[in-house]
Amino acid sequence: TLLAFICSQNNAIGRIKQLVTRLKREFGCLQATQPFEGTILHFYQFPEGIEGLLGAEASLRAWKFGYRAKYLQGTAQRLQAAGYARSRDLEALRQWPYRDVLRFLTELPGVGRKVADCIALMSLEQLAVGEDAVGLGEQAGEQAVFDRRQVDLGTSLAHQPRPEVDLDRAEAILGYL
């Protein structure tokens, strides 16, 4: 899912599907074939490891991944260096504190805070996510979490510069970070 989230940046769903399908076809394993209306459909598993991506930036660019090619290759290199060469290796992050998961993910190329929150929630079952992922800024706790001087509470946060969140203060008030 980490790779799929990198592919999703600034993309429409149809384009994301194309990129993820290409990753599966080029780097995953064929799982099944199915006849369909006079043709054969091929179904591929998402790649288990990142080995194929280590030197693939030029190929990814040729396959229209654009700027994401650099991020995918860079992320693969960082994961391998950290000892996380297989997707199941990343399952260990489920046991980490949320802040450590967030720090680790945002150090990967192409992974910002919002993408890291999404990965933590949807892939790593980390239920404590930042305000962007769950809309905390629009909820009743916003005054408790944000410094009031940073935010115009009469305006949607979507139309304001992103304020810094005091995670210690949020944890004390909300009890789940």
Side-chain angles (χ1 to χ4, degrees), residues 1-28 44-138 145-146 157-158 160-168 170-171 176-177:
T1 304
L2 170 60
L3 302 178
F5 271 108
I6 291 173
C7 290
S8 73
Q9 296 174 13
N10 297 313
N11 258 328
I13 292 173
R15 178 89 173 104
I16 297 166
K17 286 172 60 176
Q18 289 174 345
L19 296 176
V20 169
T21 297
R22 188 70 188 237
L23 283 177
K24 289 167 48 176
R25 189 173 65 228
E26 298 298 334
F27 303 110
Y44 291 86
Q45 177 182 345
F46 203 81
E48 266 298 304
I50 46 95
E51 298 87 9
L53 291 170
L54 292 174
E57 184 177 349
S59 295
L60 291 166
R61 286 191 184 278
W63 297 327
K64 309 279 190 247
F65 279 77
Y67 68 88
R68 296 165 201 84
K70 180 178 176 181
Y71 294 158
L72 290 167
Q73 180 176 298
T75 292
Q77 290 167 339
R78 292 250 184 108
L79 290 175
Q80 183 182 49
Y84 298 104
R86 314 218 48 82
S87 59
R88 67 178 169 267
D89 297 336
L90 290 172
E91 290 179 12
L93 275 66
R94 290 180 176 176
Q95 306 307 314
W96 290 17
Y98 170 72
R99 289 183 187 161
D100 295 341
V101 170
L102 187 68
R103 190 173 301 112
F104 176 80
L105 292 172
T106 56
E107 290 175 358
L108 297 172
V111 179
R113 174 66 187 268
K114 188 171 185 176
V115 169
D117 279 334
C118 291
I119 293 167
L121 176 65
M122 293 183 231
S123 298
L124 301 174
E125 300 173 2
Q126 292 272 354
L127 300 180
V129 297
E131 79 283 359
D132 285 341
V134 296
L136 178 62
E138 304 290 345
V145 177
F146 298 120
L157 289 177
Q160 298 182 47
R162 182 182 163 145
E164 288 298 314
V165 176
D166 181 344
L167 290 177
D168 291 324
E171 183 174 23
Y176 67 89
L177 289 176

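Positions are given from 1 along the sequence.
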Taking [X] for the side chain and [Y] for the main chain, is one N or O donor matched with an acceptor at less than 3.5 Å?
X: Arg94; Y: Ser123; answer: yes
X: Gln9; Y: Gly110; answer: yes
X: Glu57; Y: Gln73; answer: no

Criterion salt bridge (charged side-chain N to carboxylate O under 4.0 Å, His left out) on Glu107 and Arg103, from CA distance to verdict
CA-CA 6 Å; Glu107 290 175 358; Arg103 190 173 301 112; 5.7 Å; no
Minimal non-hydrogen separation, [X] against [Y], with atom names:
X: Phe27; Y: Ala56; value: CZ-CB, 4.0 Å
X: Gly83; Y: Asp89; value: O-OD2, 3.8 Å
X: Ile50; Y: Tyr84; value: CG1-O, 4.3 Å
X: Leu105; Y: Ile119; value: CD1-CG2, 3.9 Å

Sub-4.5 Å side-chain heavy-atom contact between [X] and [Y]:
X: Leu79; Y: Leu90; answer: yes
X: Leu23; Y: Phe65; answer: yes
X: Leu108; Y: Ile6; answer: no
X: Pro109; Y: Lys70; answer: no

Tell me, please, which residues at least two apart from Pro97 pass side chain to side chain contact (heavy atoms under 4.5 Å, CB included).
Asp100
Nearest 0.5 Å, what's the [atom1]-[atom2] distance between [X] and [Y]?
X: Leu2; Y: Cys7; atom1: CG; atom2: SG; answer: 9.5 Å
X: Leu72; Y: Gln77; atom1: CG; atom2: CD; answer: 11.0 Å
X: Arg113; Y: Thr106; atom1: CZ; atom2: OG1; answer: 8.5 Å
X: Tyr98; Y: Leu124; atom1: OH; atom2: CG; answer: 10.5 Å
X: Gln95; Y: Glu125; atom1: CD; atom2: CD; answer: 9.5 Å

Could you check Asn10, Leu60, Leu3 and say which one makes a side-chain contact (heavy atoms from CB on, under 4.5 Å) with Arg68?
Asn10
Checking side-chain contact (heavy atoms from CB on, under 4.5 Å) between Val20 and each of Arg22, Lys17, Gln18, Lys24, which is the one that passes?
Lys24
side-chain contact (heavy atoms from CB on, under 4.5 Å) between Thr75 and Leu53: does it pass, once the steps are laid out?
CA-CA 9 Å; Thr75 292; Leu53 291 170; over 6 Å; no
